[in-house]
Trainee: 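Okay, here's the structure, questions in a sec.
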Amino acid sequence: MCSLPYFPNTFERRKKPRCFVGPCGVGPAGRRRPRCFVGPGRNTQPSIVYTFDQMSENLKIEDQLKKIKFLLSDESLMLLPEYQQRIQVLKSLNYIDNLMAVQMKGRVACEISNHELLITELIFENVLTRLHPTEIAALLSCVVFEQKNCSEPNWTNDLLQGQKDIVAIARMIGEQQQQAGMTAPVEDYVSGLKFGLVEVVFEWARGVPFSDIMKLTDVQEGIIVRCIQRLDETLRDVRNAARIIGDPVLYDKAVESSSAIKRDIVFAASLYTQ
């Protein structure tokens, strides 16, 4: 008997070839499958690119979690008591009503960029309306002048009375703040008003040369120029407030006061600002 040739079993299960699963496959939740090799003797761990992607995503989620925890914590509410106290002050002075609706005083205060409550109260108490334009400019210099120590100005009777009215209104505002729970002393609020340039601005508005008004004070020239420029901005705010409340007398006086101080070297064009 002759021997038959040997044929391999065609039904014998072949070994699976080494395969590669690339990053093109999409897994659950839309995530890319890890780049790995499947086969005998091959490492099946994700690639370094995929690992960095996952780490970056985890860090972003941790940052978002920290922000959310901070917003839900008491640390983010540190200014809430002061906010409520200031709201109470605005209600007591009739700037807003109990429904938080802005009243006429609130609309006027929105036009003021410096010492909003004080200047608004001066407008509604007609303190500025009964003054001369030069006196309005002189007395409002207290909200733009900040130097603590300077020579004492000479007061006229009208300027002295206007200064007393401003201090009385500032004291009233400070007392309202204390009643609302704010810790700032009343005297600190009042002492924030500096009247050291009243005489200088008064004479400047009357047309006195700059060289002459420098003899009235020991304040430096640059500070005087800067204060008068800021004072012009405050007078523009008063003019806009008078337009809102429909006070033509105060409006005209604010325009005249602004024109009186806006002259000469104080408002000359500077090479440093051009």
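Just so you know, residue 1 is the first one in the sequence shown, and it goes up from there.
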Trainee: Looking at Asp247 and Leu250, would you say the former's side chain and the latter's main chain have a donor-acceptor pair under 3.5 Å?
Mentor: yes
Trainee: Find out whether Ile245 and Phe124 are in side-chain contact, i.e. whether some heavy atom of one side chain is under 4.5 Å from a heavy atom of the other.
Mentor: yes
Trainee: Please report the shortest heavy-atom distance between Pro248 and Gly246, naming the atom on each side.
Mentor: CD-O, 3.3 Å
Trainee: Is there a donor-acceptor contact under 3.5 Å from the side chain of Asn94 to the main chain of Gln103?
Mentor: no
Trainee: Closer than 3.5 angstrom, by distance alone: can the side chain of Ser56 be matched with the main-chain N or O of Asp53 as a donor-acceptor pair?
Mentor: no
Trainee: Give a yes or no on this: more than 12 heavy atoms of other residues, nucleotides or ligands lie within 6.0 Å of atom CZ of Arg236.
Mentor: yes
Trainee: So with a 6.0 Å cut-off around CD1 of Ile265, is the heavy-atom count from everything else above 12?
Mentor: no
Trainee: What do you reckon, is CD of Glu175 surrounded by more than 12 foreign heavy atoms closer than 6.0 Å?
Mentor: yes
Trainee: Kindly check if the number of other-residue, nucleotide or ligand heavy atoms within 6.0 Å of CZ (Arg107) is above 12?
Mentor: no
Trainee: Within the side chain of Gln147, is there an N or O that forms a donor-acceptor pair under 3.5 Å with the backbone of Asn149?
Mentor: yes
Trainee: Quick one: does Asn240's side chain have a donor or acceptor within less than 3.5 Å of a partner on Glu111's backbone?
Mentor: no
Trainee: Less than 4.5 Å apart, side chain to side chain, heavy atoms only: is that true for His132 and Lys253?
Mentor: no
Trainee: Between Val266 and Gln229, which heavy-atom pair has the shortest distance, and what is it?
Mentor: O-NE2, 2.9 Å
Trainee: Please list, chain by chain and in numerical order, all residues satisfying side-chain hydrogen bond (donor to acceptor under 3.5 Å, both in side chains) with Gln178, sequence neighbours excluded.
Mentor: none
Trainee: Write down the atom of Tyr189, the atom of Gly174, and the distance for their closest heavy-atom approach.
Mentor: CD2-N, 4.3 Å
Trainee: Below 4.5 Å, heavy atoms only, C-beta onward: do Glu121 and Leu93 meet side chain to side chain?
Mentor: yes
Trainee: Keeping the roles fixed (side chain from Arg243, backbone from Arg239), state whether a donor-acceptor pair exists under 3.5 Å.
Mentor: no
Trainee: What are the two closest non-hydrogen atoms of Val89 and Gln177, and how far apart are they?
Mentor: CG2-CA, 3.8 Å
Trainee: Using distance alone, with no hydrogens and no angle criterion, decide if Glu62 and Asn58 have a side-chain donor and acceptor under 3.5 Å apart.
Mentor: no
Trainee: Same cluster for Met100 and Leu90 if Ile/Leu/Val/Met/Phe/Trp/Tyr side chains link at under 4.5 Å?
Mentor: yes
Trainee: Do other residues, nucleotides or ligands put more than 12 heavy atoms under 6.0 Å from the CG atom of Asn157?
Mentor: no
Trainee: Mind listing the closest non-hydrogen atom pair of Cys150 and Gly196 along with its distance?
Mentor: SG-CA, 3.6 Å
Trainee: Kindly say whether Ser191 contributes a backbone atom to a donor-acceptor pair with the side chain of Lys194 at under 3.5 angstrom?
Mentor: yes
Trainee: Using a 4.5 Å cut-off on heavy atoms from C-beta on, say whether the side chain of Leu139 contacts that of Leu159.
Mentor: yes
Trainee: Does any non-hydrogen side-chain atom of Leu193 lie less than 4.5 Å from one of Leu118?
Mentor: yes
Trainee: So, for Asn114 and Val143, which heavy atoms are closest and what is the spacing to 0.1 Å?
Mentor: ND2-O, 2.6 Å
Trainee: I'd like to know if the side chain of Trp204 and the backbone of Phe210 have a donor-acceptor N/O pair within less than 3.5 Å.
Mentor: no
Trainee: Hey, does Thr217 have a side-chain heavy atom less than 4.5 Å from the side chain of Glu199?
Mentor: no
Trainee: Output yes when Glu146 and Arg230 qualify as a salt bridge under the 4.0 Å nitrogen-oxygen rule, no when they do not.
Mentor: yes
Trainee: Could you check Leu231, Leu131, Asp237 and say which one makes a side-chain contact (heavy atoms from CB on, under 4.5 Å) with Leu140?
Mentor: Leu231
Trainee: Side chains of Asp232 and Ser258: do they bring a donor and an acceptor to under 3.5 Å?
Mentor: yes
Trainee: Name all residues meeting the salt bridge (charged side-chain N to carboxylate O under 4.0 Å, His left out) criterion together with Glu221; count only those two or more places apart in sequence or in a different chain, and write none if there are none.
Mentor: none
